[in-house]
Participant: 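To start, I am sharing the structure in question, which I have written as structure tokens.
Only this structure's heavy atoms are used, side chains among them; waters, hydrogens and symmetry mates stay out. The chains referred to below are lettered A, B, ... by the order of the sequence lines, with proteins before strands, and numbering in each begins at 1.
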Number of protein chains: 2
Amino acid sequence: MHDDLSPLCGRFLAAADLLGRRWTGVILRILMDGPRRFGELAQGIGTISERVLSERLKDLEAEGIIERHVDPGPPIRSEYRLTQKGQDFWKVIDELGKWAERWVELKPAPAPAQAPARSVAVKAARATPRKRKTA
Amino acid sequence: MHDDLSPLCGRFLAAADLLGRRWTGVILRILMDGPRRFGELAQGIGTISERVLSERLKDLEAEGIIERHVDPGPPIRSEYRLTQKGQDFWKVIDELGKWAERWVELKPAPAPAQAPARSVAVKAARATPRKRKTA
DNA sequence: GGCCATCACTTACTTTTAGGAAGTTGCTTG
DNA sequence: CAAGCAACTTCCTAAAAGTAAGTGATGGCC
């Protein structure tokens, strides 16, 4: 199997828990391109609610992954940017992006008689309730 | 900044949405070490509820990331293992682990004294409510 | 054969988190 | 002074996760 995986310890659990909150990965991905303001993030993600964006930003700031800079030059604007800890996350985001490019199909193959993967049809692009199972 | 990040497209959103569900990363991390049974995963994670583990496993199977093999050899046992798509997720998990090693501090040591070796089956400890903010 | 135990899940019910949208604050523009 | 941003909050509802108890197919033991 794989030889040098980090052990499953508390550290990993904490990191997975962080990324396990909805939108965290996407926010980080956007900030990898440079500082962004609240509204830009909201627009960039498109389907996140402002309530949650605000919450996530606070979480990330509390973790020391991003920093908030308020520019009071009259039109008060705040800007979020990655700290070194956040910058360092880029490889995770990059690998996730590569995996997505390789494996995520944007269109659910109708009848893959022998196709290997069924793939995650881009349902994430909508403000999806993630799954609408009435069961 | 970083030069070759994959663009923020639907594929990335879908992948981030997948990892954005609690426990997904941890389950994948454990399966990277080889096939595991339901109970082993439950124990390995420790604080996941069986209800959610079952759900997550179904999700992952539906995405074609893991496969479920039922071994009916009398003591009926099921085993979960990664598909190629799942194996390929290795680098993401690995980078996440490395980042965690570098940046995550195990600060809140809520060690209830130092229990001798009560080890397993101690369900007494409630699963982390992720944050118990009274504010 | 009756009884308890294990494994792999379900079901029923509760708490936490996320989504939708309107409201707030501070300042600018018409 | 009404209107409009930007950046958040607040309120209320809808999903997701947590907790515990139950189910069904063995298998052991006495």
Participant: Measure the distance from CZ on Arg77(B) to C1' on dA25(D) and round it to the nearest whole Å.
Facilitator: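 Taking CZ of Arg77(B) and C1' of dA25(D), I get 13 Å after rounding.
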Participant: So, does Arg21(A) get its side chain near the phosphate of dT16(C), meaning an N or O under 4.0 Å from OP1 or OP2?
Facilitator: no
Participant: How close or far is atom C1' of dG26(C) from atom CG of Asp71(A), stated in whole angstroms?
Facilitator: 14 Å
Participant: Checking contacts here: which listed nucleotide (dA18(C), dA7(D), dA8(C)) is nearest the side-chain heavy atoms of Arg68(B)?
Facilitator: dA8(C)
Participant: How many Å lie between CG on Leu53(B) and P on dA16(D), as a whole number?
Facilitator: 17 Å
Participant: Would you call Glu79(B) and Arg81(B) a salt bridge, taking side-chain N to carboxylate O under 4.0 Å as the test?
Facilitator: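 Yes, this pair counts.
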Participant: Roughly how many Å is it from CG in Leu18(B) to C1' in dA16(D), rounded to a whole number?
Facilitator: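 Nearest whole value for this atom pair: 15 Å.
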Participant: What's the CD1-P distance between Ile45(B) and dA17(D), to the nearest Å?
Facilitator: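 Between P of dA17(D) and CD1 of Ile45(B): 13 Å.
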Participant: Whether Arg51(B) and Glu55(B) form a salt bridge (side-chain N of Lys/Arg under 4.0 Å from carboxylate O of Asp/Glu) is what I want to check.
Facilitator: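 Yes, charged N to carboxylate O under 4.0 Å.
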Participant: Taking His69(A)'s backbone N and O only, do any of them form a donor-acceptor pair with Ser78(A)'s side chain (distance below 3.5 Å, no angle check)?
Facilitator: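 No, because the side chain of Ser78(A) does not come within donor-acceptor range (under 3.5 Å) of the backbone of His69(A).
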Participant: Any chance the side chains of Trp99(A) and Asp88(B) put a donor and an acceptor closer than 3.5 Å?
Facilitator: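 Note: Trp99(A) and Asp88(B) side chains miss the donor-acceptor criterion.
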Participant: From the list dA18(C), dC9(C), dG18(D), which nucleotide is the closest neighbour of the side chain of Arg56(A)?
Facilitator: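 It is dA18(C).
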Participant: Respond yes when some side-chain nitrogen or oxygen of Arg22(B) is under 4.0 Å from OP1 or OP2 of dG18(D), and no when none is.
Facilitator: yes
Participant: Under 4.0 Å between a side-chain N/O of Lys58(A) and OP1 or OP2 of dT9(D), yes or no?
Facilitator: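 True: Lys58(A) side-chain N/O within range (under 4.0 Å) of dT9(D) OP1/OP2.
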Participant: What is the distance, to the nearest angstrom, from the CD atom on Glu40(A) to the C1' atom on dC8(D)?
Facilitator: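 After rounding, the reported distance stands at 16 Å.
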Participant: Heavy-atom nearest nucleotide on DNA chain D for Ser78(A) versus Arg51(A): which residue maps closer to 5'?
Facilitator: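 Counting from the 5' end, the first nearest nucleotide belongs to Ser78(A).
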Participant: Tell me whether the OP1 or OP2 atom of dT10(C) has a side-chain N or O from Ser54(B) closer than 4.0 Å.
Facilitator: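 True: Ser54(B) side-chain N/O within range (under 4.0 Å) of dT10(C) OP1/OP2.
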Participant: Rounded to whole Å, how long is the line connecting atom CG of Leu57(A) with atom C1' of dT9(D)?
Facilitator: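 It is 14 Å, rounded to the nearest whole Å.
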Participant: Given dG19(C), dA7(D), dA8(C), which nucleotide is nearest the side-chain atoms of Ile48(A)?
Facilitator: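 Looking only at heavy atoms from C-beta outward on Ile48(A), the closest nucleotide is dG19(C).
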Participant: Is it true that Glu95(A) and Lys98(A) have a side-chain N and a carboxylate O under 4.0 angstrom from each other?
Facilitator: yes
Participant: Check this one for me: any side-chain N or O of Trp23(A) less than 4.0 Å away from OP1 or OP2 of dG19(C)?
Facilitator: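 Yes, within the criterion.
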Participant: I want to verify a distance call: between dT19(D), dA7(D), dA18(C), whose nearest atom is closest to the Ser49(B) side chain?
Facilitator: dT19(D)
Participant: Quickly work out the Leu41(A) CG to dC8(D) C1' distance and round it to whole Å.
Facilitator: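 About 13 Å, once rounded to whole Å.
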